[in-house]
Amino acid sequence: MSDAVTDTANAEKRQVNTQGAIDKFLALTGSHVASYLDACIHCGQCSQACHFHEVTRDPKYTPALKLQPITRVYKRHKAPLSGIKRMLGLVPPELTADYLIEQQEILFDSCTMCGRCTEVCPMGIDIASIVALSRQAMVAAGLGPADLMQAADNARDKGSPLGMTSEVLADRIEWLADDNEIDIPLDRDKAEVLITVSSIEMMKYPDSIVAMARLLNHAGVDWTISSKGYEATNFGVLSGKSDVAKVMVERLAEAAEAVGAKTLVIPECGHAYGAMRWSGANILGRPLPFEVTHITEFLADLIRAGKLKLKKSDVAMTYHDPCQVSRRGGATQAARDIIGAFATDFREMSPTGNHNWCCGGGGGVQAMASASELRHEVFRIKMDQVAATGADGLVSACANCRLTMDESRQALGWEHEVQSLVEVLADQIDE
C-alpha cells in the first residue's frame, strides 16, 4: 500500500466515531429489534433471495450478515447476562473503526432494503428494517457514502435531493404547462388532493408530470402541488439521517394541512410511499389528518369510479414491481388493475408481484457511484425476466426504478425501453 493510501485510510479511521455508533446501536435496540437479533438461526436461506448474492455468489452479500454490527453491540452490552459474559470473555469484540469502515459497503452499497430476504426467512426477521437502523448508527459514526449523504443534505437545505428548490419547481411547472398547454395547478389555496412529486420525475422524466396532470384533469380531480411541501422522496430515511427524515415528512404534512387536503398522493416513487404511508406518522410523532396513497392506487380508484375513459392497447407488456410499493407497501394489485383496464396482452414476470426481483437501485443505492458496477450486474436478472415474457414493453411505477434500469440498460446495451405506468396510461385516455 502506498504512503498516500495509508495516510488516507488512517485519516478516515481517526474520523470514525466508534462510540457514537455503539451508543446509537444501543439506543435503537428495543425489544422488537432484540427479538430479531436473537432469532437468527444462521440458516442462510436469505442468500437465495438477495439479488446481490444471486449475481455474485459471494457469501459476504448474505443478508443475515447485515445483522452482525448491531448484533455485536447487543450481545456485548445489552443481551441477557451480557455483563457476566463480558467478564468471562464470552461476548463479541467491541466495534472498531476498521470494522465499521468495512461494513459500509455491506450496509449501503449492497442492500436496497427490498425485503425479499424477509419473505424467505423462517424466523420472519425484517432485515431491511435492521439495515435502516444500522445506517443511522453508521451516520452517528461519521460514515456513509458521500454522495448519498449529500443528497440527504440537499433535501434538507434546498428542498430536494437533486437540488430542486421551490423556485426551480415553479419554473419547470410553468414551462411544462405552457409547452403542453395543460393546467398544472401550483399553490392553490384549497384543494381536495395534494399531489407530491419526485425530483427524479421533475428533472429527468418531466413527461410523467404532464401525464399525471392530464389524467387528473381528465378525471375532474380538485388538486394542487405545493411549493411549501412538494418533494416526496425522503433521503433522510435512505441515508440514516433521522433529522432529515423528519424535516421531509413535516414539509409534506404541513403543506397538506395548509390546503385542507383530504388525500396526499405519492408519485411514482417506491420508498417515498413507504416513508410517508407507513412511517410518516411515527416519524412526525402524531397521526396524519389525511389519507396517504400511491399514484397507482389513486388512479385505480378513478378507473373503478368510471372517471377515466380509456382506449385499449394490444402492445405486449410486462410490469416491474417497485419493492416498496408492492412487497413492502401492500399496493401490489393497483398497478394490475390499471393495466387490466386498457392492456389486452399483459404478461406477468416470473417471479412477480410481492416476490418480484428488485431493480437493484432502491434504498438509495441508485445514488451511490460506488455501487454502480454491482447495480448493473443485478439488472441482468431483470433482463432475463423480461426476455422470458416475450413482452415488448416494460413498465413500472417508480421513477427511481426507471432511472436505475435506464442507466443499467445503457451500460449493458439492452434495447428495451423502460416506461412510466402513468405515462402509458395517459396515452390511453379516450378523448
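Worth knowing before you read on, the calculation uses all heavy atoms, side chains too, and leaves out hydrogens, waters and symmetry mates.
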Do any N or O atoms from the side chain of [X] and from the backbone of [Y] form a donor-acceptor pair under 3.5 angstrom?
| X | Y | result |
| --- | --- | --- |
| Arg375 | Ser408 | no |
| His416 | Gly393 | no |
| Arg135 | Leu238 | yes |
| Trp278 | Gly329 | yes |
| Ser420 | Val422 | yes |
| Thr224 | Leu194 | no |
| Asp187 | Ser227 | yes |
| Asn234 | His271 | no |
| Asp222 | Glu192 | yes |
| Arg347 | Thr389 | yes |

Are [X] and [Y] side-chain neighbours, meaning at least one heavy-atom pair lies under 4.5 Å?
| X | Y | value |
| --- | --- | --- |
| Leu421 | Tyr319 | yes |
| Thr233 | Pro161 | yes |
| Glu174 | Leu186 | no |
| Glu54 | Ile381 | yes |
| Trp357 | Val378 | no |
| Pro145 | Gln104 | yes |
| Ser134 | Lys66 | no |
| Val418 | His320 | no |

How close do [X] and [Y] get, counting heavy atoms only, and between which atoms?
| X | Y | answer |
| --- | --- | --- |
| Ile22 | Leu95 | CG1-CD1, 4.0 Å |
| Tyr230 | Leu252 | N-CD2, 3.9 Å |
| Gly362 | Cys358 | N-SG, 4.4 Å |
| Val249 | Gly280 | CG1-O, 3.6 Å |
| Gln324 | Thr112 | NE2-O, 4.1 Å |
| Thr318 | Ala391 | N-CB, 3.8 Å |

Once you round to the nearest 0.5 Å, how far does [atom1] of [X] lie from [atom2] of [Y]?
| X | Y | atom1 | atom2 | value |
| --- | --- | --- | --- | --- |
| Arg156 | Arg251 | CZ | CZ | 9.0 Å |
| Ile295 | Ser208 | CD1 | OG | 10.0 Å |
| Leu169 | Glu167 | CG | CD | 9.5 Å |
| Glu257 | Leu288 | CD | CG | 8.0 Å |
| Lys75 | Leu81 | NZ | CG | 11.0 Å |
| Ile70 | Gln103 | CD1 | CD | 12.5 Å |

* After noting the C-alpha distance and the side-chain angles of Ser370 and Phe108, does the key distance pass the side chain to side chain contact (heavy atoms under 4.5 Å, CB included) rule? -> CA-CA 10 Å; Ser370 56; Phe108 287 96; over 6 Å; no
* **Worked check of side chain to side chain contact (heavy atoms under 4.5 Å, CB included) between Met405 and Leu394** => CA-CA 10 Å; Met405 294 190 286; Leu394 169 60; 4.2 Å; yes
Decide if atom [atom1] of [X] counts as having more than 12 heavy atoms of other residues, nucleotides or ligands within a radius under 6.0 Å.
| X | atom1 | result |
| --- | --- | --- |
| Asp243 | CG | yes |
| Lys246 | NZ | no |
| Lys228 | NZ | no |

* To do: Report the C-alpha separation of Leu67 and Cys40 in whole Å, then their side-chain angles, then the decisive distance to 0.1 Å, and conclude whether the side chain to side chain contact (heavy atoms under 4.5 Å, CB included) test is met.
  => CA-CA 9 Å; Leu67 302 176; Cys40 182; 4.2 Å; yes
* Does the distance from a Lys or Arg side-chain N to an Asp or Glu carboxylate O, for Asp126 and Arg328, drop under 4.0 Å? -> yes
* Asked: Would Glu268 and Arg402 pass as an ion pair if we require N to O under 4.0 Å?
  -> no
* To do: Check the pair Phe52 / Lys60 against side chain to side chain contact (heavy atoms under 4.5 Å, CB included), numbers first and verdict last.
  => CA-CA 10 Å; Phe52 294 110; Lys60 76 176 183 179; over 6 Å; no
* To do: For a salt bridge (Lys or Arg N to Asp or Glu O under 4.0 Å) with Asp321, tell me which candidate from Arg327, Arg336, Lys382, Arg116 qualifies.
  => Arg336
* Asked: Which of parallel (below 30°), tilted (30 to 60°) and perpendicular (above 60°) describes Trp414 and Phe379?
  -> perpendicular
Does a donor on one side chain sit under 3.5 Å from an acceptor on the other, for [X] and [Y]?
| X | Y | value |
| --- | --- | --- |
| His77 | Thr29 | no |
| Glu407 | Gln366 | yes |
| Glu94 | Tyr99 | no |
| Glu231 | Ser199 | yes |
| Asp406 | Gln410 | no |
| Glu291 | Thr293 | no |
| Asp38 | Tyr74 | yes |

* Asked: So among Ile184, Leu264, Thr263, Leu216, which one has a side-chain contact (heavy atoms from CB on, under 4.5 Å) with Ile195?
  -> Leu216
